[in-house]
Amino acid sequence: MKTAFQIRLLLGAAVLLIFGCSPRTDSSPRDQAALSKDADYATYLDACKEGRYADAARLADGLAGRFPKNGSAWNAVGYSAAHRGKQQDAVIAYERAIKVSPGHAKAWHNLGLSYGKLGKIEDEVRCYRRALELRPKDATTWMDLAIALRGLNKIKEANDAYRHAVELDGHFERYRWRSKESPSESFNSTSPDVSELVADNPSQEEAASWKWNDEAWLRAWCAQAELQPFSRLRSGALPVKSTVDVQRWMESPVVSAQLWNNLGRSYEAEEKWDRATACYKKSLEVLKGEPMVWGNLGMAALGARTYGDAVAAFEEASRLAPDDATFRNNLAIAHAGLATSLILQKKRSEARNQLQKALQIQPGLASARVLLASLLQQEGEWAEAQSQCDQLVQQMPRSAVLWYALGVARARNAKAYSAVEAFERALRLDMNSDDLWHWYAVELAALERYPDAATAFDHCVKINPKNLQAWLGLGSVRARLQRWDDSIAALKKAVELSSGDPKIQTLLASVCVAGGRPDAAVVLCRKLLEGDPSRADVWKLLAESHCDLGGWDMAVVAYQKALALQPKDGGGWAELGYALGAIGEKLESRKAYQKAIAAGDHREEVWNNLGVTQTRLGEYEDALKSFAQAGRELKGDPDLMLNVGVVFFHLKRGAEFQSTLAALQKADAGKAAELAELAQRKD
């Protein structure tokens, strides 16, 4: 079987279609007419026709922003999201379309399609029924309703819906499965010139008593003679004039079995998989040792997506013809198909076993390796996922998706350099994926390539202005580059997209503090504390903002609030000590520094500040001990040497004072002058 057919069976997806008519109760045409003169809407339609859905998504977002009460604008947002595989985003957009325009039949129909993609079949049916209330003569919606009902095993209702579709549009009778996933049983035909060789869903007893009629004989003869679908008989090119020739063929059981096999191929050509399967099984009653018939049965099972049956059939075909590479290749495809269905059932361990069997048979089967890589990523086995992706990109070096997947696996394995290389290969092939740009930017930031990361995040938000994580990353990287205004602007956008997420507002406040915007930080912190006064981190940010504004009294109050919530925060106690010192509370300042050290904050700055405070309190010996602790890291620091010299002066330890002064003269002449001036003062 051709590779294209195999891939279609395993990886094909139904295309979402937007049809419409204009009954009185359907608001779709009215809303669409309101957009028809807009240049962006025309460009959006062109982008959809050309398959440029990333461009279409940007245009649709703009339309929804300018026409927020137009159902067709939101329907366009949903349609472009659905075609990019973002079904949940599509659902949100379609629901918005329905909210602003409850009678929008297209949006109801499309919402049903997206629910179906998400496996929510009952919701899918509900949406189609609502669409049909608004637009009862839409054949496509009737057809989609029939398929959904068949998925719920509501056979009678499904057949009724299908008949409605055929009555409205006859092409659905012949081509109804060309772009849909076929269930295991066909719909009852309503066309008088189509032979019904067997009844739908026959019981075992019924199947055993099938009878041939003249029309069925002609069908079998056509299949034997020319291997063409029965629909060709309607052209008038009949190979025989009576059933006598067919009866002659049927006298031999082997020939009869061959006819059953060829009749199965005829049904297979029409994609009537259940009937093809029944014919192949009838043939195998006689031709049990014929590998080709087993292979045909396997292909019919693949078509019907009954992958377990396909595996069994191809295993038997391979046993009978062990040197036939086609059977083994198809067996690998069947294992991969079975894995797909198991993944959908969340049976990951069983699915993985099937994929490993597929790759043992056919190591180069890309579809199986793609599924295995995806499964490994879902399970967090990034090393093995990377190995699979490494092999895939060797097979398909022009696939942006595979390079992207390889980059993600490398990133998860903490291999930032090689991840960046993979993302760059992917971007050479596809520069329109905001997710790809986002991953690339994150890994650039991990390598501290902040200018490049900022550029990548910029690309990401241009492609998708609603990418919250990209705006967050952009704000953070700009802060690293000390581009404070740009950082604040990006984080404000993130706050807007997140509907005021407190964590993002806190990040914005911290950037305002770092960027010299303490007044803005105060406003943000107060707003956050109104919503949740138990946020110790926000109290500390508020205190820092007041310090920068010179409001030391308010800073002390804010630090005390934070420490009441987190009494073991050594850094908080140190900052409180500094603020208390600034307002002249020397004793309280010393206590705060001592609590900071007891809580584990042994930074040299803390020891130094404690020593300064102790000096001001006249606790000179204790101050020397504190400066000695600070000197472990600040040895030779001019400020520390000056502080020590001051203590020696007050203790009247002249020799040590002079020694410190001499060392300070070499380190910092200005500081040495300050110390010398102190020595000249009268006690």
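- Judged by distance alone, the side chain of S659 and the main-chain N or O of A655 form no donor-acceptor pair under 3.5 Å.
- Put simply, the side chain of R517 gets close to the backbone of G515: a donor and an acceptor are under 3.5 Å apart.
- Judged purely by atom type and a 3.5 angstrom limit, S510 uses its side chain to pair as donor or acceptor with the backbone of L507.
- Classified by interplanar angle (parallel below 30°, tilted 30° to 60°, perpendicular above 60°), the ring pair Y79/Y53 is perpendicular.
- A side-chain donor-acceptor contact under 3.5 Å links Q388 and E384.
- Under the 30°/60° scheme for interplanar angles, the aromatic rings of F423 and Y440 are found to stand perpendicular.
- Residue Y578 places its OH atom among 12 or fewer non-hydrogen atoms of other residues, nucleotides or ligands, all under 6.0 Å distant.
- Atom OG of S387 and atom CG of L376 lie 9.0 Å apart (nearest 0.5 Å).
- Shortest non-hydrogen contact noted between F627 and G611 is CZ-C, 3.4 Å.
- A donor-acceptor pair is defined here as one N or O able to donate and one able to accept, closer than 3.5 Å; no such pair exists between the side chain of R425 and the backbone of W403.
- Residue R480 qualifies as open at atom CZ: its count of foreign heavy atoms under 6.0 Å is 12 or below.
- Under a 3.5 Å cut-off, the side chain of Q505 and the backbone N or O of G500 do form a donor-acceptor pair.
- Atoms CG and CD, on L436 and E424 in that order, are 10.5 Å from each other to the nearest 0.5 Å.
- For W471 (side chain) and P465 (main-chain N/O), a donor-acceptor pair under 3.5 Å exists by modelled atom type.
- In K586, the NZ atom is not crowded: 12 or fewer heavy atoms of neighbouring residues, nucleotides or ligands sit closer than 6.0 Å.
- Ring planes of H438 and F457: perpendicular class, angle over 60° (limits at 30 and 60°).
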**Message:** Show, in sequence, the C-alpha distance, side-chain angles and deciding distance for D637 and K671, and conclude whether the salt bridge (charged side-chain N to carboxylate O under 4.0 Å, His left out) test is met.
**Reply:** CA-CA 11 Å; D637 180 78; K671 300 291 183 185; over 6 Å; no

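- The minimum heavy-atom distance linking A562 with A536 is given by the pair CB-O, 3.6 Å.
- When all heavy atoms are compared, the tightest approach of A411 to A419 is N-CB, 3.7 Å.
- The minimum heavy-atom distance between N70 and V100, with the atom names listed, is C-CG2, 4.0 Å.
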**Item:** From CA spacing to verdict: side-chain hydrogen bond (donor to acceptor under 3.5 Å, both in side chains), S589, R616
**Value:** CA-CA 11 Å; S589 176; R616 290 170 180 169; over 6 Å; no

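- Side-chain atoms of W484 never come within 3.5 Å of backbone atoms of V511 as a donor-acceptor pair (strictly under, hydrogens ignored).
- Of the possible donor and acceptor atoms, one in the side chain of R410 sits under 3.5 Å from a partner among the backbone N and O of S418.
- A donor-acceptor contact under 3.5 angstrom links the side chains of N608 and N643, judged on distance only.
- Using a 4.0 Å cut-off between charged nitrogen and carboxylate oxygen, D89 and K466 do not count as a salt-bridge pair.
- Across L541 and C525, no two heavy atoms sit closer than the pair CB-SG, 3.7 Å.
- Under the 3.5 Å distance criterion, the side-chain polar atoms of W437 are matched with a main-chain donor or acceptor of M431.
- Q386 and N413 are linked by a side-chain donor-acceptor pair at a separation below 3.5 angstrom, with hydrogens and angles left out of the test.
- Y44 places a side-chain N or O within donor-acceptor distance of the main-chain N or O of A76, the cut-off being under 3.5 Å.
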